[in-house]
Amino acid sequence: MHKKSLDWLANAASVDIFIYSNHKLQDISTGDKHFNRGVMLKASKQAKSGLYTIVQYKSGYMLLVPINENAGLILLPKMDINEDLRNVFSSIDFVSHSINTAKLAFHLYTGLDAPDWDITMVQLHGDYKVVEQTRPMNEMVTFHVYTVKMIEALTNLDEDQFKESLTDMKGCRVFGEALTTTNVIRGQKDILIDLISKLTDNVTKLGLPIEKVIPIQMGSIQKIEYQTNILNFDAWLEEIPWIFFNAFRNYRQSLFKDKAERIKDYLKNHAQDNLRLKDISEVLGISEQNLNQIFKKKFGATIKQFSIQLKVEAAKGLLTTTRLKIKDIADYLSFADESYFVQTFSKLIGATPAKFRQAHIQAKLTEIKNAQL
């Protein structure tokens with residue numbers, strides 16, 4: 001295994017890399033964040049000999065690269081929990097470049113030429129299908145009918161119907177109104193851009209503020225136009241509508257939440273930031289003078305106190321799931337310095353970060369030892 005080369009791939013392709021073997025996972029080149037290893041191990045069981053496999057699960061995609069019958073690589077795209085639009089594009093790019101990424105990972109890990117295997121798409125709770133690279137043009141009328149149903153589901157925020165309509169849309173074998181060997185890519189792009197236009201018109205009419213709609217619309221169209229090829233049309237067809245669905249759902253939810261709940265949600269989504277009351281006021285449209293009064297009346301704590309609690313909870317997660325240094329955790333969570341972080345953590349938890357981490361490690365070792373008895 002060429003560790004340095006795989007580190008280079010992880011940085012260049014913006015992926016985290018693991019190896020699965022005998023129902024165990026080993027980090028090869030990963031960032032300092034929490035991974036759902038149970039889901040990854042479950043996904044590894046979908047690997048097929050002689051095939052590269054894309055596994056779609058609730059939170060995104062992962063790529064399986066078999067090395068032998070019992071082991072292989074798992075590649076996951078790096079994601080930012082606060083960037084829905086960027087994450088969708090990252091997922092699409094990950095799928096679009098999956099064959100080349102899989103071959104490169106195989107070569108860097110084994111030192112051998114990568115096999116020219118086909119690639120499959122697997123849903124973690126469904127059957128797998130071979131990803132088709134081209135499709136004939138038909139069923140345009142049916143595709144349009146399902147598009148209308150999908151937009152109706154978005155209007156009603158009916159998530160089940162929305163998912164069903166997207167599945168039906170993907171089942172239509174359609175790329176463009178004038179499909180020839182020279183305009184397949186253009187046909188794909190035209191369908192996606194037309195879909196974006198329909199979604200934009202709909203959510204705008206439903207009241208989603210134009211300043212929220214335009215970045216989604218323009219960002220999506222630009223991303224599509226920049227593509228020299230669209231390897232997996234279905235991935236684009238599924239992921240882009242979800243940007244609009246989630247944006248509209250979040251907007252509608254914000255309308256029905258009281259001000260205290262909106263403040264709480266904002267604090268949770270920016271736990272790592274050094275927030276000022278002025279920043280919160282400008283984003284939420286709530287008077288800076290009233291922020292603490294509104295929040296404390298419902299939750300019994302000031303905004304600063306609640307923010308500190310969130311940071312300490314986040315620190316506990318980082319201490320138990322990563323090898324980050326105490327100083328790095330303090331910096332990531334925007335504490336003034338390491339000393340203030342240690343002091344604050346100790347006051348709320350009753351132990352220093354270092355002792356808390358050591359106690360967690362000792363508890364895990366005891367658990368493993370007891371399991372072996």
Side-chain angles (χ1 to χ4, degrees), residues 33-34 59-60 79-90 153-159 162 196 199-220 239-318 329-336 340-341 344-345 348:
K33 65 178 183 181
H34 173 72
S59 301
M79 296 294 178
D80 185 337
I81 59 172
N82 297 316
E83 291 287 349
D84 289 339
L85 186 61
R86 185 186 302 170
N87 288 344
V88 169
F89 291 149
S90 295
L154 186 154
T155 301
N156 299 320
L157 289 177
D158 185 337
E159 185 169 341
F162 190 79
I196 290 167
L199 289 164
T200 298
D201 290 343
N202 189 66
V203 295
T204 302
K205 290 176 182 177
L206 292 171
L208 186 64
I210 195 68
E211 62 270 18
K212 294 183 180 293
V213 178
I214 293 299
I216 297 175
Q217 180 192 34
M218 297 307 298
S220 301
E239 295 293 339
I240 285 180
W242 278 111
I243 309 175
F244 290 87
F245 187 93
N246 289 328
F248 180 57
R249 177 167 56 187
N250 292 339
Y251 170 70
R252 288 293 298 272
Q253 288 175 345
S254 71
L255 293 179
F256 294 102
K257 285 183 178 179
D258 63 28
K259 292 180 179 179
E261 289 289 348
R262 289 169 61 198
I263 296 169
K264 182 180 180 181
D265 285 348
Y266 187 79
L267 294 175
K268 283 185 173 181
N269 289 331
H270 296 81
Q272 76 276 20
D273 296 334
N274 183 20
L275 293 175
R276 301 176 300 170
L277 292 182
K278 181 181 178 181
D279 300 326
I280 303 172
S281 173
E282 290 177 352
V283 172
L284 300 183
I286 302 172
S287 167
E288 184 176 343
Q289 290 71 26
N290 293 331
L291 281 171
N292 266 317
Q293 181 181 354
I294 291 169
F295 191 80
K296 190 171 184 178
K297 183 177 181 180
K298 181 160 187 174
F299 296 111
T302 65
I303 288 174
K304 182 176 181 180
Q305 289 169 340
F306 186 77
S307 180
I308 289 295
Q309 291 172 4
L310 290 174
K311 289 179 184 294
V312 169
E313 285 302 312
K316 287 167 63 178
L318 293 170
I329 294 176
D331 290 342
Y332 175 75
L333 293 172
S334 300
F335 282 92
Y340 179 60
F341 167 57
T344 303
F345 189 95
L348 290 180

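Note that these values count all heavy atoms, side chains included, but never hydrogens, waters or copies made by symmetry. Position 1 is the first residue of the sequence; numbering continues from there.
- The two residues D279 and N274 come nearest to each other via the heavy atoms OD2-O, 4.4 Å.
- Of all the heavy atoms in Y251 and P209, the pair that sits closest is CE1-CD, 3.4 Å.
- For residues 200-219, the side chain to side chain donor-acceptor pair (under 3.5 Å) pairs, not counting sequence neighbours, are T155-N202.
- Atom CD1 of I280 and atom CD1 of I303 lie 4.5 Å apart (nearest 0.5 Å).
- Note that OH of Y266 and CG of L291 are 11.0 Å apart. Values are rounded to the nearest 0.5 Å.
- Here the side chain of D273 pairs no donor or acceptor atom with the backbone of L275 at under 3.5 angstrom.
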Stepwise side chain to side chain contact (heavy atoms under 4.5 Å, CB included) test for K298 and K264: CA-CA 10 Å; K298 181 160 187 174; K264 182 180 180 181; over 6 Å; no
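- The two residues S281 and S287 come nearest to each other via the heavy atoms OG-C, 3.9 Å.
- To the nearest 0.5 angstrom, F248 atom CZ is 6.5 Å from L154 atom CG.
- Among all heavy-atom pairs drawn from L208 and A247, the shortest one is CD1-O, 3.8 Å.
- Here CD of E261 is found 11.5 Å from CD of Q253. Values are rounded to the nearest 0.5 Å.
- One finds the NZ atom of K259 at 11.5 Å from the NZ atom of K297 (value rounded to the nearest 0.5 Å).
- Atoms CG and CD, from L310 and Q272 in turn, are 10.5 Å apart once rounded to the nearest 0.5 Å.
- The aromatic rings of F299 and F295 sit tilted relative to each other, their planes meeting at an angle between 30° and 60°.
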Trace of the side chain to side chain contact (heavy atoms under 4.5 Å, CB included) decision for F341 with V312: CA-CA 9 Å; F341 167 57; V312 169; 5.7 Å; no
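- The aromatic rings of W242 and F162 stand perpendicular to each other, their planes meeting at an angle above 60°, with 30° marking the opposite boundary.
- In this view, E288 satisfies the salt bridge (Lys or Arg N to Asp or Glu O under 4.0 Å) rule with no residue, not counting sequence neighbours.
- Taking every heavy atom of both residues into account, S220 and I243 meet most closely at OG-CD1, 4.1 Å.
- Nearest heavy-atom pair across K311 and L333 is NZ-O, 2.7 Å.
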